[in-house]
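One structure below.
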2 protein chains.
Amino acid sequence: MDERQALAAFAALSQETRLQIVRLLVVAGADGMAAGALAERVEVSPSNISFHLKELERAGLITQQRESRSIIYRAGYDALGGLVRFLMEDCCGGHPEICAPAVAAASCCAPAGAKA
Amino acid sequence: MDERQALAAFAALSQETRLQIVRLLVVAGADGMAAGALAERVEVSPSNISFHLKELERAGLITQQRESRSIIYRAGYDALGGLVRFLMEDCCGGHPEICAPAVAAASCCAPAGAKA
DNA sequence: TCCATATTTCAATAATCCTTGAATAGTTGA
DNA sequence: TCAACTATTCAAGGATTATTGAAATATGGA
């Protein structure tokens, strides 16, 4: 992840519809969701969801895969992780306790036993 | 962290100068940096850095504190952590191994021994 | 008080982004 | 092949955001 990619990713996430899409896909996990299903959930037109999905893909935050008539979108967990890493690089000047809140945040779904 | 705050935060991070500011402050830790020092490092005019610092503060990502003539800015690690948590909420549909890359990302500066 | 330092505010211009609806393209089953 | 379903593309208009330089504010020391 370089600065250019990070900027594109943050820009992608700074729009309501797109942020909702990413969050839905993050929850959906490996199953992903079809474009139409996403459009229903976030209540926007097909053409509008398509516009935003393209933007998210261009930013590298989601992937697409055709499955019969539908196109399934999935969260790009690697890219999301890379984004967090880029933002927190060399953080807190050697005093880990200072940025503990930020670090702890990502233990979101770690299996019991793994700690941040 | 609600959606409104998250959108403001991502919008704030989606601009080159502001992203550089946040990254510098994340590295600076508790010491923070003065507005002028930031302006020098990212090579923009005083008025421009001021504009972007205000934007970052409005988004809740940084804090300011006057110290004699200078105004010292510091990263808001709580807000950054909250942002990550918001993005990853209920992630990966109950399959933690899928979003492991994202979770691992935030072990950035964890003290030796802690791992994600 | 006067000057220098450090930073912010303001107004105007330039650039970018979102929404909308109609038209187009790919896939499937009859 | 035809019709239905699913999704994307395109162009136009409206709205938001960044940059610039000059002027203003706040602080500290002579």
Side-chain angles (χ1 to χ4, degrees), chain A residues 3-25 28 31-76, chain B residues 3-25 28 31-76:
Chain A
E3 186 182 74
R4 189 177 179 73
Q5 290 177 292
L7 283 169
F10 285 126
L13 293 170
S14 72
Q15 203 280 333
E16 181 171 17
T17 301
R18 289 196 295 261
L19 181 55
Q20 291 175 347
I21 291 172
V22 169
R23 275 165 45 91
L24 284 171
L25 293 180
D31 291 344
M33 289 179 73
L38 286 166
E40 258 187 41
R41 284 295 299 273
V42 304
E43 296 181 299
V44 302
S45 70
S47 101
N48 193 250
I49 202 96
S50 192
F51 169 81
H52 290 303
L53 286 169
K54 192 178 171 188
E55 207 66 12
L56 285 169
E57 213 203 356
R58 225 167 43 81
L61 291 174
I62 65 175
T63 62
Q64 64 170 3
Q65 181 181 15
R66 182 173 277 281
E67 214 154 287
S68 179
R69 283 180 191 166
S70 300
I71 295 184
I72 305 296
Y73 286 89
R74 295 187 178 82
Chain B
E3 185 182 73
R4 188 176 180 76
Q5 291 177 292
L7 283 169
F10 284 127
L13 293 170
S14 73
Q15 202 281 333
E16 182 172 17
T17 300
R18 288 196 295 259
L19 182 55
Q20 291 176 348
I21 291 171
V22 169
R23 274 163 47 89
L24 284 171
L25 293 180
D31 291 344
M33 288 178 75
L38 286 166
E40 259 187 39
R41 283 294 300 275
V42 304
E43 295 181 300
V44 301
S45 70
S47 103
N48 193 250
I49 203 95
S50 190
F51 169 80
H52 289 303
L53 285 169
K54 191 177 171 189
E55 207 65 13
L56 285 168
E57 213 203 356
R58 226 169 41 83
L61 291 174
I62 65 176
T63 62
Q64 66 171 0
Q65 180 182 14
R66 181 173 279 277
E67 213 153 287
S68 178
R69 285 183 190 164
S70 300
I71 295 183
I72 305 296
Y73 286 89
R74 297 189 176 80

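A, B, ... follow the sequence lines: proteins, then strands. Residue 1 opens every chain. On a predicted model such as this, the values are computed, not experimentally measured, just so you know.
Remark: C1' of dA7(D) and NE2 of His52(A) are 15 Å apart, rounded to the nearest angstrom. The nearest whole Å value for the distance from the CD atom in Glu55(A) to the C1' atom in dT19(C) is 13 Å. When rounded to the nearest whole Å, the span between CD1 of Ile49(A) and P of dC18(C) equals 13 Å. Taking atom CG of Leu38(A) as the reference point, atom C1' of dT8(D) lies 15 Å away to the nearest angstrom. For the pair Lys54(A) NZ and dT6(D) P, the computed distance is 22 Å after rounding to whole Å. Regarding Gln15(A), its CD atom lies at a distance of 13 Å from the P atom of dT16(D), rounded to whole Å. Look at CZ on Arg69(A): it is 14 Å from C1' on dA25(C), rounded to the nearest Å. Straight-line distance from the CE atom of Met33(A) to the P atom of dA7(D): 11 Å, rounded to whole Å.
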Please tabulate, one pair per line, each protein N/O and nucleotide N/O from nucleotides 20-25 of chain D that are separated by under 3.5 Å, including the distance.
from    : atom 1 : to       : atom 2 : distance (Å)
dG21(D) : O6     : Ser47(B) : OG     : 3.0

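Residue contacts for Ala34(B): at a heavy-atom cut-off of 4.0 Å it reaches the sugar-phosphate backbone alone, with no base atom in range. Counting any heavy atom pair closer than 4.0 Å across all strands shown, Ser70(A) reaches sugar-phosphate atoms only and no base atom. Heavy atoms of Ser68(A) sit under 4.0 angstrom from primed sugar atoms or phosphate atoms, though from no base atom.
Nearest heavy-atom pair, Ala12(B) versus Leu61(B), reported as atom, atom and distance to 0.1 Å: CB-CD1, 4.0 Å. In terms of heavy atoms, Ala8(A) sits closest to Ala59(A) at O-CB, 3.7 Å. Here the shortest heavy-atom pairing between Leu7(A) and Gln15(B) reads CD2-C, 3.5 Å.
Note on the helix from dT1(C)-dA30(D) to dA30(C)-dT1(D): angle between the axes of the first and last five pairs equals 30°, rounded to 10 degrees.
Residue Tyr73(B) has no polar side-chain atom (N or O) positioned under 4.0 Å from OP1 or OP2 of dA6(C). OP1 or OP2 of dC18(C) sits under 4.0 Å from a side-chain N or O of Arg18(A).
The closest side-chain heavy-atom distance from Leu19(B) to Arg23(B) is below 4.5 Å. The closest side-chain heavy-atom distance from Ile21(B) to His52(B) is below 4.5 Å. Put simply, the side chain of Gln20(B) reaches to within 4.5 Å of the side chain of Glu3(A), judged on heavy atoms.
Between Arg58(B) and Glu55(B) there is a salt bridge, since at least one side-chain N of the basic residue sits less than 4.0 Å from a carboxylate O of the acidic one.
The residue among Glu67(A) and Ser14(A) whose nearest nucleotide of DNA chain C is located toward the 5' end is Ser14(A).
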Applying side chain to side chain contact (heavy atoms under 4.5 Å, CB included) to Gln64(B) and Leu53(B), what does each step give before you reach the verdict? CA-CA 9 Å; Gln64(B) 66 171 0; Leu53(B) 285 169; over 6 Å; no
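To the nearest 0.5 angstrom, Leu38(B) atom CG is 9.5 Å from Leu56(B) atom CG.
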